Peer 1: 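Take a look at the following structure, please.
In what follows, residues are counted from 1 in the order of the sequence shown. What you are looking at is a predicted structure, and each value in this text was computed from that prediction instead of being measured. Values reported hereafter were calculated over all heavy atoms of this structure, with side chains retained and with hydrogens, waters and symmetry mates removed.
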Amino acid sequence: MKNKLKIMLLLSMLLTFMFVLTGCAEEELNFEVDNDLMQSQTKEIINQYVEVTPAQKDYYLSEGDELQKTAIAGFEAAQTTDHVGYFMDFKDGTTSNGVDGKVNFSQICRFEHRDVKVTVSYKQNKAFDYDKEKLYTDLSSQASQYGLDTASFVSQMYGNYPELDLTSMDAFLDSYLAAAYGEYPYIAEECEVSAVYSTKELVAQGGKNTAIGMGVVFIVLIFISFVISLLKYLPLLFDADIRKAKAEKKKAHDDAKKKTEERILAASGTEKAAPQVAFAKDDLMNDAELVAVITAAINAAAGGARGPAYTASKDTLVVRSIRRR
């Protein structure tokens with residue numbers, strides 16, 4: 001028993017260790033990147049499009065490329081929908097793989113009311129290495145004309161430019177292409193801007209959206225049920241013949257009822273009042289008894305001789321059926 005417990009404990013620890021290693025493993029990006037350079041490029045894009053004039057906004061949205069359109073639309077939605085306020089400064093940034101072999105850099109920005117996550121998708125600039133090599137060849141050629149090596153020539157010619165990185169030749173070439181030509185090892189293609197909400201805010205917003213959605217559904221169902229209940233009146237509203245036939249039927253029924261009452265009054269010899277028979281709710285006669293009572297009353301009123309309940313009188317009144325109401 002103890003051995004089984006030890007084995008189970010060992011297996012559980014092994015599985016936990018594997019999960020930890022899996023979670024801690026760094027994601028292999030689609031291509032090699034310099035995080036500092038990519039973050040610098042992302043910050044430059046944010047500073048360029050976070051605040052623009054109305055004329056610039058109209059131009060970018062109508063004539064700009066995909067990066068400009070998505071960046072302007074994203075920052076505008078953050079202001080109008082999420083009300084993030086004015087831009088303050090930058091926070092942390094991370095890289096991750098994107099679709100179609102791209103690499104995404106997500107930069108967290110601090111705004112007045114809440115943080116905003118700006119994600120820029122980059123693809124590898126395959127022409128950058130060629131341009132970088134060509135630039136180094138040109139600098140070497142110029143340095144040889146002055147009798148200097150390339151590093152000394154670069155230090156003397158470009159040492160007073162703070163935007164250029166002179167820590168190494170490779171860093172200088174990267175910064176020179178970026179400053180002089182706006183060229184980077186990576187090409188930004190799309191920008192996604194989204195306000196950062198806490199878990200509590202997301203749950204509250206989800207519950208609110210669910211309640212609104214269910215309420216709208218129930219209201220629509222109630223309205224549909226009401227409309228369906230009114231369909232039975234459509235023939236009466238749109239068919240004059242049906243309305244006329246119903247009116248004639250009702251009128252014929254009323255006339256027949258009136259004539260029957262007049263005949264009963266005439267047979268009884270008085271037009272002031274007709275004999276009424278009250279029926280208790282809990283003591284109802286059957287049809288045969290009702291016919292006998294009414295026939296006897298008619299005979300007595302007409303002055304006929306007393307006889308069987310079913311003896312027909314000399315007048316033309318004939319009771320064929322009694323319909324209970």
Peer 1: Give a yes or no on whether Tyr122 and Leu177 share a hydrophobic cluster (residues Ile, Leu, Val, Met, Phe, Trp, Tyr; joining criterion: side-chain heavy atoms under 4.5 Å apart).
Peer 2: no

Peer 1: Output, in order, the C-alpha distance, side-chain angles, deciding distance and verdict of side-chain contact (heavy atoms from CB on, under 4.5 Å) for Thr119 and Lys117.
Peer 2: CA-CA 6 Å; Thr119 302; Lys117 181 180 179 181; 3.7 Å; yes

Peer 1: Would you kindly say whether Ser175 and Tyr161 are connected by a side-chain donor-acceptor distance under 3.5 Å?
Peer 2: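 Tyr161 and Ser175 do not have a side-chain donor-acceptor pair below 3.5 Å.
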
Peer 1: Which of these passes side chain to side chain contact (heavy atoms under 4.5 Å, CB included) with Phe172: Leu166, Asp165, Thr150?
Peer 2: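 The option that passes is Leu166.
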
Peer 1: Has Ser140 got a side-chain atom pairing as donor or acceptor with Tyr136's backbone, closer than 3.5 angstrom?
Peer 2: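 Looks like yes, one N/O pair under 3.5 Å.
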
Peer 1: Regarding Ser141 and Asp138, is there a side-chain donor-to-acceptor distance under 3.5 Å anywhere?
Peer 2: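 Not at all, the side chains of Ser141 and Asp138 share no donor-acceptor pair under 3.5 Å.
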
Peer 1: Would Asn209 and Gln205 satisfy side-chain hydrogen bond (donor to acceptor under 3.5 Å, both in side chains), going step by step from the backbone distance to the final call?
Peer 2: CA-CA 6 Å; Asn209 293 339; Gln205 186 66 28; 3.2 Å; yes

Peer 1: Would you check, one step at a time, whether the test side-chain contact (heavy atoms from CB on, under 4.5 Å) holds for Gln107 with Phe105?
Peer 2: CA-CA 6 Å; Gln107 176 65 55; Phe105 191 90; 3.6 Å; yes

Peer 1: Got a list of side-chain donor-acceptor pairs under 3.5 Å for residues 192-199, not counting sequence neighbours?
Peer 2:
residue: Tyr197; atom: OH; partner: Asp82; partner atom: OD1; Å: 2.5
residue: Ser198; atom: OG; partner: Glu201; partner atom: N; Å: 3.3
residue: Ser198; atom: OG; partner: Glu201; partner atom: OE1; Å: 3.3

Peer 1: With the 4.5 Å side-chain cut-off for hydrophobic clustering, are Leu173 and Tyr181 part of the same group?
Peer 2: yes

Peer 1: For Lys251, is there an ion pair with Asp255 - N to carboxylate O distance below 4.0 angstrom?
Peer 2: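 Judged by the 4.0 Å cut-off on N to carboxylate O distance, Asp255 and Lys251 do not form a salt bridge.
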
Peer 1: Tyr60 vs Tyr49, test: ring-ring contact (aromatic ring centres under 6.0 Å, His included). Steps then yes/no.
Peer 2: CA-CA 10 Å; Tyr60 287 139; Tyr49 300 113; 5.3 Å; yes

Peer 1: Is it true that the side chains of Tyr184 and Glu44 contain a donor and an acceptor less than 3.5 Å apart?
Peer 2: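 The criterion, which ignores hydrogens and geometry beyond distance, is satisfied for Glu44 and Tyr184.
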
